[in-house]
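The structure presented is a predicted model; accordingly, all values stated were derived computationally and were not measured. All chains are named by letter (A, B, ...) in the order of the sequence lines, taking the proteins before the strands, and each is independently numbered beginning at 1.
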Number of protein chains: 2
Amino acid sequence: MTNKGTNLDPWYDSYADRTAGLSASEVRALFAVASRPEVVSLAGGMPFVSALPRELVTGSIDRVMSNGGGAMALQYGSGQGTPAIREHIMQIMAMEGIRGSADDVVVTTGSQQALDLVTRLFINPGDVILAESPSYVGALGVFKAYQADVEHVAMDDEGLIPEALREAIASVTSRGGRIKFLYTIPNFHNPAGVTLSWARRLEILEICRSAGILVLEDNPYGLLSFDEPAPHAMRSVDDEGVIYLGSFSKTLAPGFRVGWALAPHAIREKLILANESATLSPNSFGQFVITEYLDQADWRGQIDIFRGLYRERRDAMLSALGEYLPSLTWTRPEGGFFVWLSLPDELDSKAMLPRAVKELVAYTPGTAFYADGQGRQNIRLSFCYPTPESIRVGVARLATVINGELDLLSTFSSARLGKPIPLREGVGTPPPNIS
Amino acid sequence: MTNKGTNLDPWYDSYADRTAGLSASEVRALFAVASRPEVVSLAGGMPFVSALPRELVTGSIDRVMSNGGGAMALQYGSGQGTPAIREHIMQIMAMEGIRGSADDVVVTTGSQQALDLVTRLFINPGDVILAESPSYVGALGVFKAYQADVEHVAMDDEGLIPEALREAIASVTSRGGRIKFLYTIPNFHNPAGVTLSWARRLEILEICRSAGILVLEDNPYGLLSFDEPAPHAMRSVDDEGVIYLGSFSKTLAPGFRVGWALAPHAIREKLILANESATLSPNSFGQFVITEYLDQADWRGQIDIFRGLYRERRDAMLSALGEYLPSLTWTRPEGGFFVWLSLPDELDSKAMLPRAVKELVAYTPGTAFYADGQGRQNIRLSFCYPTPESIRVGVARLATVINGELDLLSTFSSARLGKPIPLREGVGTPPPNIS
C-alpha cells in the first residue's frame, strides 16, 4: 500500500490531529491493578451498588417487561430521552433548588457523554476551558481529546476562589485566549472533596456572566451529603448561563449509563442533535427501568441509605488518616466519595505508586487531575467502595509506604549531608524500588 | 454580558465551527409523524422487537440479577466491553467468515457510536470520506458533524461499482483531497437494498489497499438474509485494512444500545481510549443481559424467525409495488429492511411528503441519503416494522399520492403545451399542495 505508516500501525499517518490527544488515563491503568482481590483499592470511584436492594431493581425490571412485553424498552427511543424519565429528573433537581422544564433535559449515556457532547458543541482546537485545580480526570480527558487548553483555577476549603477566577480570566484574555466555559464540580468535589460555598456560587456566577463565560456545573454527588444538604445548585439561580450535568450513576447504579444535561433552550436543541449523531438515542431499557424505580421505589430513602453508608466510610478514612498519618494534611469532605491528601514536598505520588501496590494498597496519584503536570504532592483517596475495615487497612498500608519513603529519603539526605557520595556508576544510585 | 449572541441564543457566537454541521435529519422529523397511529409508516428503520419472545429476555435478565444480585451488571465496566460478550461476538462474526481475536473487539453504545468514534479518530475538517450513492443517513450526519467532505460513489444492483470507485479516488486525489476511508454497507444496503457481490468485494479491497484507503464495513443487517446467506464479510479477507461494525440492534433489540467494532490492532487501542473518553464504558447491564441471552437462548433460531418475518414483509412490499405502481422501478432486497424506489423524473420525493402524510402514509425521501442534495427522484421504503397488511395499505396510499401528482403535472403540462401561460403573479403558479 502507499500508506506511509509505521511497522506497528499502517494507519499511523491517517489519524486526525485530535487523536494525538488520546492517552490512557492513570485511573484506567489502576482499574486493572485494583481488581486483584488482595489489593485494597482506594483508587477507583465505583459506587457501592451492593447496597441497592436487589428486589428494588428486579421489581422495576419486572414492571418494564410486563408492559407490552417490554417492546418499547427494547426499541430505539428519542434522542432527547423519554418524557417520563425527564419529568422524574426535574423532581430530582428540584431537591437542589432547580426549577425548569423537562423539555430542557437531554438524557445521555452517563453524564460523561454529556461532558463529551457539550465540549463537542463549544470547543475549537486551542479554545480555553477554565477548570478547578485539581479537576475530574475524565473531564480533562475529554477536553484534551477536543484539543482544548485547560487553565486551572485555584481552590481552597470553600472551593473555587473567585479572585483566582478573575485573575485567570484576565490572564487568558490578555494573551489572546478564547475562554468557552468554566467547568466546575461545586459539591463534594472530585478529587478535592471540598464544596463551593453559597456566597461564592453567586460571586462566580456574576464573574462569568459579566465575562460572557458559560458555566458547566457537574454535579454527580450533590445528593450524597453526609449531614447538611449541599447548597442549592448554581443552575438554580441562572437559567441562561449554566449547563447542569446530573447522573444516576451514584444515586442508583452506573451500569445503566444514564445521565443528563439541563441546558439553556438553544443549547438544548443542539445537544439533542449531537446526541442523535453520537448514539441515535440513549438506551431505552435503562431509562424504562429507572423510570419504574423512581415511580415505585422509595428512592429518597435509598439515597439516605447510601448517605449513611458513605458517611461511615468517610469517618473510617478520616479517623485512620488521623491515626496513621498524623503529620500530613487532607480535606474533610461533607459528602461524595473522595479525600485529597497532601504529601510532604519531597515525595512523588506517581513515582510511589508501584511501591504502594507492592504493599497491597492502590490510590490515584494527584497528577491525574491536572492538565499541566502538577499533582505529584497529592493523592486522591476514595472511600466509596471498600468497607470501613478495608479502609483502615488500606490507610495503614499507605502510611507504611509513605513512612518508608520518608525514612529512605532522610537516610540518603543525612548521608549526603554527612558526606557527599560521588555519582559514579553503582554508587549513590537509589535502589530500584523507590524510583 | 459581553457575549454578542442573538436574542434567541446568547451563546450563538460561542459554538465550535463543527456545530454548524449539526442539523435535524429528515428521518428525525419523520419519527414524530410516523408515531401517529393512523399513519402507515414506511419511513423508520425500527426492527420488529415484538417478535422476540418475552421469556427469552426475562430469562436472561433473571439470570443476570441472580448472579450476586446483579452487582457487576449494575457497575461501571471496561471501556472495551466485557470479555464474555466479546467472545460471543467472535462466534457471531464467524458466521460471516471472520476469524480473529476477542481482544480486537470494542463494544460501543450501538454501532452508531462506533461510527462516531472511528470518524473522530480519522477525520480532520476537510478530509474526504467515500460513501455509496446513496448512503446511510446516520453515517452522513456523523461525517458532517466532523466536517468531512463526502464523495458519493455510484452503485448498481451488485452494489458499489469498482470502476466508479477508481474514478472517485482519482478525482479526489487530483483536486488535492485527502481520502481517509471508504464507508460501505455491503449487505442489504440501507437505503438501497442491494448487496455487494463477492467478486466486487475482492476488487474493492484491492483498490483500497493499493490506494492506502481504510475500509469501514458497516454490517447491521448481514445475518438477516431471506434465502441465500450474504457473501462473507470484507473483513474476512483483510485484517489490516478493514474496520468492521456490527450490532445487536437488528438481530436482538436496539433498546440496549450495544454494538461493536472489530478493528486492526493499533486502531483498536485508540478506539478504546476514545470510547472511555466519550462514555467511560458501554452499559454493563445491556452487555450482561445479551451475554446471558447468547449463552442460553437459541439465538440462531431466533434470527431465523426474524428472517422469515422480514421475508414475508419484503414479499408483501414487492407484490404491492407490482400491483399498485407497475410503471415504476425499485430494488429487490435479498435481506435487511429496505426497498429503494425510483420516481418519474418530474416528481420530487421531498416536496411530495406532506401530501403523502395527508394520505396517511410516511416514507423517507431520497434526499436524506445524500450529502449533496441528490435523491429527489427516490424514496426509501422500509418493510421491517409494519405488518404485511399495513404494507399493502401503505403502498396503495403511496400509489394514490404518486398518481395524483402525475395527474396534476400532466394537466398542467397539457395546458402549457396547448397554450403557454405568461408567468405573471397569481397566474401559472402551481397550487400550494404540489410544492
- Query: Is chain A contacted by the side chain of K180(B), its backbone, both, or neither, given a heavy-atom distance below 4.5 Å?
  - Reply: side chain

- Salt bridge check: are D9(B) and R268(A) linked by an N-O gap of less than 4.0 Å? no

- Tell me, out of Q113(A), M65(A), Q75(A), who's got the most heavy-atom pairs with chain B below 4.5 Å. Q75(A)

- Query: In terms of heavy-atom proximity below 4.5 Å to chain A, should P47(B) be classed as side chain, backbone, both, or neither?
  - Reply: both

- Message: Given heavy-atom pairs under 4.5 angstrom as the criterion, report whether the side chain, backbone, both or neither of Y385(A) touches chain B.
- Response: side chain

- Query: Is chain A contacted by the side chain of A274(B), its backbone, both, or neither, given a heavy-atom distance below 4.5 Å?
  - Reply: both

- How close do G45(B) and Y76(A) get, heavy atom to heavy atom, and via which atoms? O-CE1, 4.2 Å

- Nearest heavy atoms of E276(B) and Q112(A), plus distance in Å: O-NE2, 4.0 Å

- So what's closer than 4.5 Å to chain A heavy atoms on F143(B): side chain, backbone, both or neither? neither

- Task: Before giving the answer on salt bridge (Lys or Arg N to Asp or Glu O under 4.0 Å), spell out for R178(A) and D13(B) the whole-Å C-alpha distance, their side-chain angles and the decisive distance to 0.1 Å.
- Result: CA-CA 11 Å; R178(A) 177 85 202 270; D13(B) 289 337; over 6 Å; no

- Contact class of L280(B) relative to chain A, heavy atoms under 4.5 angstrom: both

- What part of L115(A) is in contact with chain B, defined as an atom under 4.5 angstrom from a non-hydrogen atom: side chain, backbone, both or neither? neither

- Are the side chain of N124(B) and the backbone N or O of D17(A) linked by a donor-acceptor pair below 3.5 Å? yes

- Task: Determine, step by step, whether R120(B) and D116(A) satisfy the side chain to side chain contact (heavy atoms under 4.5 Å, CB included) criterion, reporting the C-alpha distance in whole Å, the side-chain angles of both residues, the deciding distance to 0.1 Å, and the verdict.
- Result: CA-CA 12 Å; R120(B) 180 189 301 214; D116(A) 184 90; 2.9 Å; yes

- Message: Taking side chain as everything from C-beta outward and backbone as N, CA, C, O, which of these in A278(A) sits under 4.5 Å from a heavy atom of chain B? Side chain, backbone, both or neither.
- Response: both

- What are the two closest non-hydrogen atoms of G212(A) and W11(B), and how far apart are they? O-CZ3, 3.4 Å

- Leading residue by heavy atom contact count with chain B [cutoff under 4.5 Å; candidates T109(A), V289(A), T119(A), L121(A)]: L121(A)

- Message: R18(B): which residues meet the salt bridge (Lys or Arg N to Asp or Glu O under 4.0 Å) condition with it, sequence neighbours left out?
- Response: none

- Closest-packed option against chain B by number of heavy-atom pairs under 4.5 Å, given P254(A), G259(A), A266(A), S281(A): P254(A)

- Task: Look at S249(B), A16(B), S111(B), P264(B) and state which one has the largest set of heavy-atom pairs under 4.5 Å with chain A.
- Result: A16(B)

- Message: The test is side chain to side chain contact (heavy atoms under 4.5 Å, CB included); show your working for Y15(A) and I267(B) and say whether it passes.
- Response: CA-CA 9 Å; Y15(A) 295 112; I267(B) 297 174; 3.2 Å; yes

- Note on the structure: Between G69(A) and R54(B), the two heavy atoms sitting closest are CA-CD, 3.5 Å

- Task: List the atom of R257(B), the atom of T279(A), and the distance in Å for their closest heavy-atom pair.
- Result: NH2-O, 2.9 Å

- Query: Pick from T108(A), L252(A), L74(A): which one has the most heavy-atom pairs with chain B under 4.5 Å?
  - Reply: L74(A)

- Task: Could you tell me how the ring of F285(B) sits relative to the ring of F285(A): parallel (under 30°), tilted (30 to 60°) or perpendicular (over 60°)?
- Result: parallel

- Task: Count the heavy-atom pairs under 4.5 Å between each of T58(B), T19(B), V142(B), L214(B) and chain A, then report the option with the highest count.
- Result: L214(B)

- Item | Atom pair CD1/CG of I272(A) and L22(B) - distance to nearest 0.5 Å | 11.5 Å

